[in-house]
Amino acid sequence: MSQLAEAGKIPRPVLKGRHERHLWKGVFLALGCATVGASVFAYYGIYKHHLWWQKFWGNFDHEARKERIAQNEEVFMKKWEYFWRTGKWVGNGYVVPPELPEGTAVANHPWLTRRN
């Protein structure tokens with residue numbers, strides 16, 4: 001190199017000593033954390049729970065579910081009508097709401113099951 005080029009050179013930082021050690025500590029810490037995180041995800045996210053939807057949907061007894069809906073639908077529709085008219089939800093489960101005041105217009109909503 002020429003004298004002019006040597007004079008215009010910017011000194012570059014060099015990794016030596018403790019700076020290099022700190023860099024390598026950070027690299028190894030990051031790799032360790034990534035390995036632990038990937039292992040936990042692989043165990044729980046893939047191995048344990050990746051088929052949760054199959055178990056969830058496979059457990060439905062569809063006929064029993066239809067029967068249960070048919071049994072509870074009248075109470076649910078009364079509960080919904082009471083909530084619509086008063087703004088108060090009666091409660092979850094098989095809770096029969098109080099009767100609406102006499103003369104309250106009750107909507108004829110479509111039901112899920114057939115009514116004869």
Side-chain angles (χ1 to χ4, degrees):
M1 277 189 155
S2 69
Q3 293 279 349
L4 188 60
E6 284 291 329
K9 266 180 79 173
I10 300 170
R12 301 284 179 213
V14 180
L15 281 174
K16 288 183 181 175
R18 67 187 171 94
H19 298 290
E20 188 180 12
R21 285 195 303 274
H22 281 292
L23 178 68
W24 284 116
K25 277 183 188 175
V27 167
F28 287 127
L29 179 67
L31 287 173
C33 290
T35 304
V36 168
S39 302
V40 168
F41 170 74
Y43 181 71
Y44 288 105
I46 298 170
Y47 175 67
K48 277 288 196 187
H49 298 305
H50 80 291
L51 293 178
W52 67 268
W53 53 273
Q54 278 185 346
K55 297 172 193 159
F56 180 79
W57 290 108
N59 281 336
F60 279 145
D61 181 357
H62 296 286
E63 292 305 315
R65 188 169 167 77
K66 283 180 194 171
E67 292 167 11
R68 211 168 44 249
I69 288 172
Q71 289 169 358
N72 297 329
E73 192 169 16
E74 185 177 351
V75 171
F76 177 78
M77 295 303 275
K78 284 182 183 175
K79 200 186 301 191
W80 181 253
E81 191 69 37
Y82 185 81
F83 171 71
W84 183 252
R85 300 293 173 198
T86 63
K88 294 178 186 165
W89 186 249
V90 177
N92 294 328
Y94 196 87
V95 179
V96 181
E99 290 297 321
L100 289 167
E102 194 66 35
T104 304
V106 176
N108 188 15
H109 294 297
W111 285 34
L112 292 171
T113 56
R114 292 182 181 269
R115 290 179 291 162
N116 294 338

Parallel, tilted or perpendicular: which one describes the rings of His49 and Tyr44, with boundaries at 30° and 60°? parallel

Check Lys78 with Glu81, please: is the shortest side-chain N to carboxylate O separation under 4.0 Å? no

Would you say that more than 12 heavy atoms from the other residues, nucleotides or ligands in this model lie under 6.0 Å from the CD of Glu74, or not? no

So which residues get pulled into Val75's cluster when ILVMFWY side chains under 4.5 Å apart are joined, directly or through others? Tyr94, Val96

Do the rings of Phe76 and Trp80 sit parallel, tilted or perpendicular, given the 30° and 60° boundaries? parallel

Using a 4.5 Å side-chain heavy-atom cut-off and chaining through intermediate ILVMFWY residues, the residues clustered with Trp84 come out as none

Could you tell me whether Trp24 atom CH2 has more than 12 heavy atoms of other residues or ligands within 6.0 Å of it? no

Transitively linked via ILVMFWY side-chain contacts under 4.5 Å: Phe41 with Leu51? no

In residues 97-104, what donor-acceptor pairs under 3.5 Å come from side-chain atoms, sequence neighbours left out?
unit_1 : atom_1 : unit_2 : atom_2 : d
Thr104 : OG1    : Pro101 : O      : 2.7

Starting from Val40, can I reach Tyr47 by hopping between I/L/V/M/F/W/Y residues whose side chains sit under 4.5 Å apart? yes

Heavy-atom pair with the smallest gap, counting every atom of Lys79 and Val90: CG-CB, 4.0 Å

